[in-house]
Undergrad: 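Let me give you the structure first, and then I'll get to my questions.
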Amino acid sequence: MPSSTTETATAGSPVPPGTRPRFRAGREGRKFRGPGSVGPLGLGVAVLWLSVIVLLPLAALTVQSFDDGLAGFWDAVTVPRALATFKVTLLVSVAAAVINLFLGTLIAWVLVRDEFPGKRFVNALIDLPFALPTIVASLVLLSLYGPASPIGLVFNATKPAVIVALLFVTLPFVVRAVQPVLIELDKDVEEAAASLGANNWTIFRRIVLPVLLPAVLSGGGLAFARAIGEFGSVVLIGGNIPNDTQVASQYIRELIEYDRPIDAAAISVVLLAIAFAVLFVLRIIGNRLARREEQLS
């Protein structure tokens, strides 16, 4: 039996209970980088690639949007047509994101907690909007809800039609954000609460929801950011009616067709700013909620 808990542990030697083994003297002082460290070269390649793919195009777009000066930028984004387009875009995007917050969370819950025939097929089906060309989704929706609807439900060229199209393309963001958190959630706490007499709603509201909320907000933010820039899924089913169902991406395409690229760039910059602001705020809120949950646990 070792007489001291400070005895150095060697390979193959037993470690006394309650003792934290140390490294051998030859390894002390060496910095462990870990398997995820890529070094300065890897970091440089990552930053360069991010700059070429994301930062430089965004910078070029921003510079182009101010080619007519600040006054020209302001005029482009405040004309009645642009303001109406922003209003429609934000309305349908918020509606789609909020609906998916609830339905996406519910679907993730069912996929994780319930067992039913065809579960693997449904789970794979969630990712279909990622793989399917969005113009195909618009065509399918138009065939189902358009003038030749086989089910007699016609509402194309309306805001609900645009929302349905956005729901289709944004559903996976919430489901895939919430699903891993549900998988890792410890059920023992829920069972303990149930044994103390808590009902299902109380367990969900007091135990499950605080843990899920950061993931739900993150998925909802991604869904909203995708929705405000969506084009393919709404191009047919939405009807592209100015001041009614025309979204910002369709207005941008119209400006390009009329040879007004500077105005199109200005509208694009506004959309980018809105998406970035929403994701930034939700990330801060999510991080605070996660830290508070860690402190309580």
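The chain is numbered in sequence order, starting from 1.
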Undergrad: Judged by atom type as modelled, is there a donor-acceptor pair below 3.5 Å linking the side chain of Thr158 to the main-chain atoms of Phe155?
TA: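 Side chain of Thr158 to backbone of Phe155: a pair is present.
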Undergrad: Nearest 0.5 Å, please: how far is CZ in Arg253 from CG in Asn240?
TA: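 So the gap between those two atoms works out to 7.5 Å.
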Undergrad: Would you say CD of Glu257 has more than 12 non-hydrogen atoms from neighbouring residues, nucleotides or ligands within 6.0 angstrom?
TA: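 Yes, the 6.0 Å shell around CD holds more than 12 heavy atoms from other groups.
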Undergrad: Quick one: pull up CZ in Arg288 and CD1 in Ile284 and give me the separation to the nearest 0.5 Å.
TA: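 It comes to 6.5 Å.
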Undergrad: Below 4.5 Å, heavy atoms only, C-beta onward: do Leu139 and Ile135 meet side chain to side chain?
TA: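 Counting from C-beta outward, Leu139 and Ile135 never come under 4.5 Å.
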Undergrad: Under the side-chain contact (heavy atoms from CB on, under 4.5 Å) rule, what do Leu182 and Val178 come out as? Steps first, then yes or no, please.
TA: CA-CA 6 Å; Leu182 277 174; Val178 174; 3.9 Å; yes
Undergrad: If you apply the rule side-chain contact (heavy atoms from CB on, under 4.5 Å), what do you find for Ile151 with Tyr145, and how did you get there?
TA: CA-CA 8 Å; Ile151 59 176; Tyr145 303 118; 4.1 Å; yes
Undergrad: Working to the nearest 0.5 Å, report the span between CD of Gln246 and CD of Glu254.
TA: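 It is 5.0 Å, given to the nearest 0.5 Å.
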Undergrad: So with a 6.0 Å cut-off around CZ of Phe121, is the heavy-atom count from everything else above 12?
TA: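 Atom CZ in Phe121 is not crowded, with 12 or fewer foreign heavy atoms closer than 6.0 Å.
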Undergrad: Report yes or no: does Ser51 contribute a side-chain atom to a donor-acceptor pair with the main-chain N or O of Leu55 at less than 3.5 Å?
TA: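 Answer holds: no.
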Undergrad: Are Leu196 and Phe204 in one and the same hydrophobic cluster, where Ile, Leu, Val, Met, Phe, Trp and Tyr link if side-chain heavy atoms are under 4.5 Å apart?
TA: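 Leu196 and Phe204: separate clusters.
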Undergrad: Going only through I, L, V, M, F, W and Y residues with side-chain contacts under 4.5 Å, is there a path from Val98 to Phe224?
TA: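 They do share one cluster, since a chain of ILVMFWY contacts under 4.5 Å joins Val98 to Phe224.
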Undergrad: Can you name the closest pair of heavy atoms from Ile267 and Leu255 and give their distance?
TA: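 Closest heavy-atom pair between Ile267 and Leu255: CG1-CD1, 4.0 Å.
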Undergrad: Supply the atom-to-atom distance Ile163 CD1 to Ile237 CD1, rounded to the nearest 0.5 angstrom.
TA: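 Those atoms lie 12.5 Å apart.
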Undergrad: Does Glu190 pair with Arg206 as a salt bridge, N-O distance under 4.0 Å?
TA: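 Salt bridge flag = no for Arg206 with Glu190.
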Undergrad: Short question: side chain of Thr245, backbone of Gly238 - any donor-acceptor pair under 3.5 Å?
TA: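 Indeed, once roles are kept as given, a pair shorter than 3.5 Å links the two residues.
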Undergrad: Do other residues, nucleotides or ligands put more than 12 heavy atoms under 6.0 Å from the CZ atom of Arg283?
TA: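 For Arg283, atom CZ is not crowded (no more than 12 foreign heavy atoms under 6.0 Å).
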Undergrad: Is the closest side-chain heavy-atom distance between Ile252 and Ser268 below 4.5 Å?
TA: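 Side chain of Ile252 against side chain of Ser268, heavy atoms only: contact under 4.5 Å found.
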Undergrad: At their closest point, which heavy atom of Pro180 faces which heavy atom of Ala177, and how far apart are they?
TA: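 Heavy atoms only, the tightest pair is CD-O, 3.7 Å.
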Undergrad: Could you check if a side-chain atom of Gln250 sits within less than 4.5 angstrom of a side-chain atom of Glu230, using non-hydrogen atoms only?
TA: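 Counting from C-beta outward, Gln250 and Glu230 never come under 4.5 Å.
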Undergrad: Could you pull out the closest heavy-atom pair between Ala227 and Leu166, with the gap in Å?
TA: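 Here Ala227 and Leu166 meet closest at O-CD2, 3.9 Å.
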Undergrad: Specify the closest pair of heavy atoms between Asn156 and Pro147, including all atoms of both residues, with the distance to one decimal.
TA: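 Shortest heavy-atom contact: OD1-CD, 3.8 Å.
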Undergrad: Please answer whether the main-chain N or O of Phe130 pairs with a side-chain N or O of Asp127 as donor and acceptor at a distance below 3.5 Å.
TA: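 No; zero donor-acceptor contacts below 3.5 Å.
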Undergrad: Do you know the tightest heavy-atom contact between Ser249 and Gly229?
TA: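 What the structure gives for the nearest pair is CB-O, 4.0 Å.
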Undergrad: Run the side-chain contact (heavy atoms from CB on, under 4.5 Å) check on Val88 and Asp244 step by step: do they pass?
TA: CA-CA 7 Å; Val88 172; Asp244 187 12; over 6 Å; no
Undergrad: Quick check for you: to the nearest 0.5 Å, what is the distance between Ser93 atom OG and Leu271 atom CG?
TA: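 Ser93 OG to Leu271 CG: 9.0 Å, rounded to 0.5 Å.
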Undergrad: Start with the C-alpha distance between Tyr258 and Asp263, add both sets of side-chain angles, then the distance that settles side-chain contact (heavy atoms from CB on, under 4.5 Å), and finish with yes or no.
TA: CA-CA 10 Å; Tyr258 282 97; Asp263 292 349; over 6 Å; no
Undergrad: Just so I know, are the side chains of Asp67 and Phe73 near enough to count as touching, which here means a heavy-atom distance under 4.5 Å?
TA: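 Counting from C-beta outward, Asp67 and Phe73 never come under 4.5 Å.
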Undergrad: Taking side chain as C-beta onward, heavy atoms only, is Val234 less than 4.5 Å from Ser138?
TA: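 With C-beta onward as the side chain, the pair stays apart.
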Undergrad: Do Val281 and Leu213 land in one hydrophobic cluster if side-chain heavy atoms of ILVMFWY residues count as linked below 4.5 Å?
TA: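 Result: yes, single cluster for both.
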Undergrad: Count the heavy atoms belonging to other residues, nucleotides or ligands that lie under 6.0 Å from CZ of Arg205, then report whether that count exceeds 12.
TA: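 Counting other residues, nucleotides and ligands, CZ of Arg205 exceeds 12 neighbours.
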Undergrad: Give a yes or no on whether Asn200 atom CG has more than 12 heavy-atom contacts from other residues, nucleotides or ligands under 6.0 Å away.
TA: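 Open: at most 12 neighbouring heavy atoms sit under 6.0 Å from CG of Asn200.
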Undergrad: Do Leu185 and Val112 touch side chain to side chain, with heavy atoms closer than 4.5 Å?
TA: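 The answer is no; the side chains never approach within 4.5 Å.
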Undergrad: Determine, using ring centers only, whether Tyr251 and Phe231 are less than 6.0 Å apart.
TA: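 No; Tyr251 has its ring centre 6.0 Å or more from that of Phe231.
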Undergrad: Would you please say whether a donor-acceptor pair under 3.5 Å links the side chains of Arg176 and Gln179?
TA: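 Distance-only check passes for Arg176 and Gln179.
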Undergrad: Determine whether Ile274 and Thr89 make a side-chain contact, defined as any pair of heavy atoms from C-beta on separated by less than 4.5 Å.
TA: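 A side-chain contact is absent here, since even the closest heavy-atom pair is not under 4.5 Å.
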Undergrad: Are Val247 and Ile228 close enough that some pair of their side-chain heavy atoms sits under 4.5 Å apart?
TA: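 With C-beta onward as the side chain, the pair stays apart.
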Undergrad: Taking atom CZ of Phe276 as the centre, does the number of heavy atoms from other residues, nucleotides or ligands within less than 6.0 Å exceed 12?
TA: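 Open.
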Undergrad: Between Lys119 and Asp114 (salt bridge meaning N to carboxylate O under 4.0 Å), is one present in this structure?
TA: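 Looking at Asp114 together with Lys119, the answer is no, because their closest N to O distance does not fall below 4.0 Å.
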Undergrad: Identify the heavy atoms of Gly220 and Ala97 that sit nearest to each other, and give their distance.
TA: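 Of all heavy-atom pairs spanning Gly220 and Ala97, the closest is O-CB, 3.9 Å.
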Undergrad: Hydrophobic clustering (ILVMFWY, side-chain heavy atoms < 4.5 Å, transitive) - are Val94 and Val270 grouped together?
TA: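 In one cluster: yes.
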Undergrad: Kindly work out whether a path of hydrophobic side-chain contacts (I/L/V/M/F/W/Y, heavy atoms less than 4.5 Å apart) joins Leu289 to Leu282.
TA: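 Both belong to a single hydrophobic cluster.
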Undergrad: CG of Asn100 to CG of Leu106: how many Å apart, nearest 0.5 Å?
TA: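 Answer rounded to 0.5 Å: 11.5 Å.
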